[in-house]
Amino acid sequence: MAKDPGRVLIFDTTLRDGEQSPGASLNLEEKLAIAQQLARLGVDVIEAGFPFASQGDFAAVHRIAELVGGGEGPIICGLARASSADIQACAKAIEPAINKRIHTFIATSDIHLEHKLKKSRQEVLDIVPEMVQYARSLVDDVEFSCEDAGRSDPEFLYQVIELAISAGAGTINIPDTVGYTTPTEFGGLINGINKNVSNINEAILSVHGHNDLGLAVANFLEAVKNGARQLECTINGIGERAGNAALEELVMGLHVRRRYFNPYFGRDADSPTPLTAVRTEEITKTSRLVSNLTGMVVQPNKAIVGANAFAHESGIHQDGVLKNRLTYEIVDARTVGLNDNRISLGKLSGRSAVRARLEELGYDLSREDLNEAFTRFKDLADRKRDITDRDLEAIVSEQVQQPEARFQLSLVQVSCGSALRPTATVTLADQQGHEDTSVAIGTGPVDAVCRALKQLVDEPNELIEFSVKSVTEGIDAMGEVTIRLRRDGQIYSGHSADTDIVVAAAQAYVNALNRLVSALGHKSIHPQRDDVELNSRPSI
Ligand code: KIV
Ligand code: ZN
């Protein structure tokens with residue numbers, strides 16, 4: 001059997017695989033905010049990015065390693081293809097972290113070998129030990145992944161894994177890259193590796209999987225029963241195509257059904273010791289932060305973090321829950337930190353009350369950021385009677401989103417109604433403070449605003465998604481708007497919240513435009529799709 005840490009290690013890849021979702025790209029401040037929250041959540045490993053992709057990715061991983069990779073914090077990991085140039089960049093990026101890991105990978109399925117890598121099995125068998133050894137010469141902690149393991153020949157997989165472990169990999173990761181396997185098959189694959197790889201007891205077995213058939217979480221839980229002890233997952237399940245296995249579902253599955261899983265860890269069914277180190281009360285906040293910053297809206301019926309996950313609409317259910325909540329509830333909403341119906345602040349609250357509440361919510365803001373948050377809080381308090389935690393989170397997450405804003409929205413004004421053609425006037429300021437105004441007519445007020453803004457910024461783009469949802473209940477609730485723009489096949493999202501949804505739409509559009517403009521000219525390499533000379537020599 002593979003090495004057993006006695007519990008499940010949670011490897012979060014929101015900032016790497018999650019960020020590979022179309023339109024989910026994050027700036028440095030956003031990545032830092034998420035990494036800090038992941039550390040509070042208590043994940044064991046943060047995969048902070050793919051440093052070879054671009055200077056921006058390298059800088060983000062380096063900064064996360066500096067700020068979040070302290071002694072007590074999680075392991076900071078970077079992804080590297082099995083190429084010396086990638087591995088070298090990765091080692092440099094994670095260097096400041098006390099606990100650091102290089103995660104290197106190569107595909108092992110025949111379909112990937114033939115069509116993507118154009119390499120023989122023997123070539124892969126030569127590259128793996130060389131590159132794992134090279135990574136081990138730079139750091140002590142190396143993880144090796146067999147990309148597309150789910151569709152690889154198990155006998156070949158066993159050979160590759162044995163070589164990777166002999167070369168020094170301490171974690172072996174088995175990805176179901178295209179989300180193809182079923183739970184029984186995936187559990188069987190892990191079982192087969194445990195039985196057939198002679199040195200498997202020297203490594204921790206990890207799993208990684210995509211949700212193309214909606215089976216990722218089920219596959220992982222079956223893998224756990226067969227000895228997998230590290231789960232690679234993302235917040236809200238974001239990631240390539242249908243996404244990755246969702247962290248919150250895995251953690252809560254292992255938490256709620258502890259009695260069922262305990263025996264697979266050699267424990268008594270009744271053992272109260274948690275199966276992961278995740279602080280479940282941080283789950284809701286982390287989910288909202290990731291959704292706000294990536295612009296990936298969480299579906300209302302999503303398990304654990306969806307808006308309806310704890311709502312009891314039907315009369316029969318409500319009656320049952322009131323008599324005894326166990327009739328229809330298997331998770332107490334407070335376990336995942338859902339307690340924000342609490343009214344926290346109002347118009348008369350001062351700066352220190354706002355700071356204290358933000359600190360309780362986990363936001364440690366600099367003086368300038370706090371000043372800005374307080375101004376926005378006051379502005380909101382003039383329009384909305386009670387400010388909830390959820391409102392405060394919306395204010396702060398938008399602030400994180402626009403640190404190097406190229407354009408600032410100075411004014412938005414709309415006239416509309418049954419007898420009027422919706423007309424918008426908007427003013428944008430550039431970084432030098434120069435203002436420009438435009439007027440446009442649209443099919444509705446939001447359309448008019450977006451048209452007017454588009455006229456001001458000379459960058460072609462297509463609006464492909466517009467969604468609004470209310471942050472809290474009540475007629476004076478803030479509306480959260482997410483806008484996604486497409487240009488040259490790339491998607492850029494912007495997010496904003498305001499009691500006036502037309503203002504929120506204008507600001508979300510400007511946030512998306514800022515993202516688009518700042519990404520222009522910064523080409524990033526995709527770790528799994530772009531070509532690479534895999535056995536290139538180190539340039540050091
Ligand atoms: O899906 C996958 O195979 C991956 C690997 C790079 C681990 O993301
Ligand atoms: Zn993946």
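Just so you know, ligand 1 is whichever comes first in the structure, and atom 1 is the first atom listed for that ligand. This structure is a prediction, so every number in the text was calculated from the model and none was measured.
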**Prompt:** Using a distance threshold of 2.8 Å, what protein N/O/S atoms lie below it relative to the Zn ion (ligand 2)?
**Reply:** D17 OD2, H208 NE2, H210 NE2
**Request:** Using distance alone, with no hydrogens and no angle criterion, decide if H526 and E240 have a side-chain donor and acceptor under 3.5 Å apart.
**Result:** yes
**Message:** For the residue pair N308 / N301, report whether a side-chain donor-acceptor contact shorter than 3.5 Å exists.
**Reply:** no
**Asked** If we ignore angles and hydrogens, is there a donor and acceptor under 3.5 Å between the side chains of D57 and S54?
**Response** yes
**Prompt:** Can you tell which of R16, H208, H103 makes a side chain to side chain donor-acceptor pair (under 3.5 Å) with E232?
**Reply:** H208
**Nitrogen or oxygen of D148 less than 3.5 angstrom from that of ligand 1** = no
**Request:** Say whether E147, considering both its backbone and side-chain N or O atoms, lies within less than 3.5 Å of an N or O atom on ligand 1.
**Result:** no
**Request:** Can you pull out the closest protein heavy atom to atom 2 (C) of ligand 1? Residue, atom name and distance to 0.1 Å, please.
**Result:** Q528 NE2, 3.2 Å
**Asked** Would you say the side-chain atoms of K225 and Y260 include a donor-acceptor pair closer than 3.5 Å?
**Response** yes
**Complete:** What one should report as the nearest heavy-atom pair of P175 and E147 is CG-CA, 4.1 Å
**Prompt:** Which one holds for D17 and ligand 1: side chain close, backbone close, both close, or neither close, with close meaning a heavy atom under 4.0 Å?
**Reply:** side chain
**Message:** As an exercise, state the distance from CD of Q36 to CG of L67, rounded to the nearest 0.5 Å.
**Reply:** 6.0 Å
**Item:** Smallest separation among heavy atoms of V132 and A169, with atom names
**Value:** CG1-N, 3.6 Å
**Message:** Can a side-chain donor-acceptor contact be found between T234 and N244 if the only test is distance below 3.5 angstrom?
**Reply:** no
**Item:** Within-cut-off N or O pair, R16 and ligand 1, under 3.5 Å
**Value:** yes
**Message:** If you compare all heavy atoms of H495 against all heavy atoms of T482, which two are closest, and at what distance to 0.1 Å?
**Reply:** ND1-OG1, 3.3 Å
**Prompt:** For H210, is at least one N or O under 3.5 Å away from an N or O on ligand 1?
**Reply:** yes
**Asked** In the protein, which heavy atom is nearest to atom 3 (O) of ligand 1, and how far is it?
**Response** T177 OG1, 2.6 Å
**Prompt:** Is there at least one pair of N or O atoms, one from H103 and one from ligand 1, spaced under 3.5 Å apart?
**Reply:** no
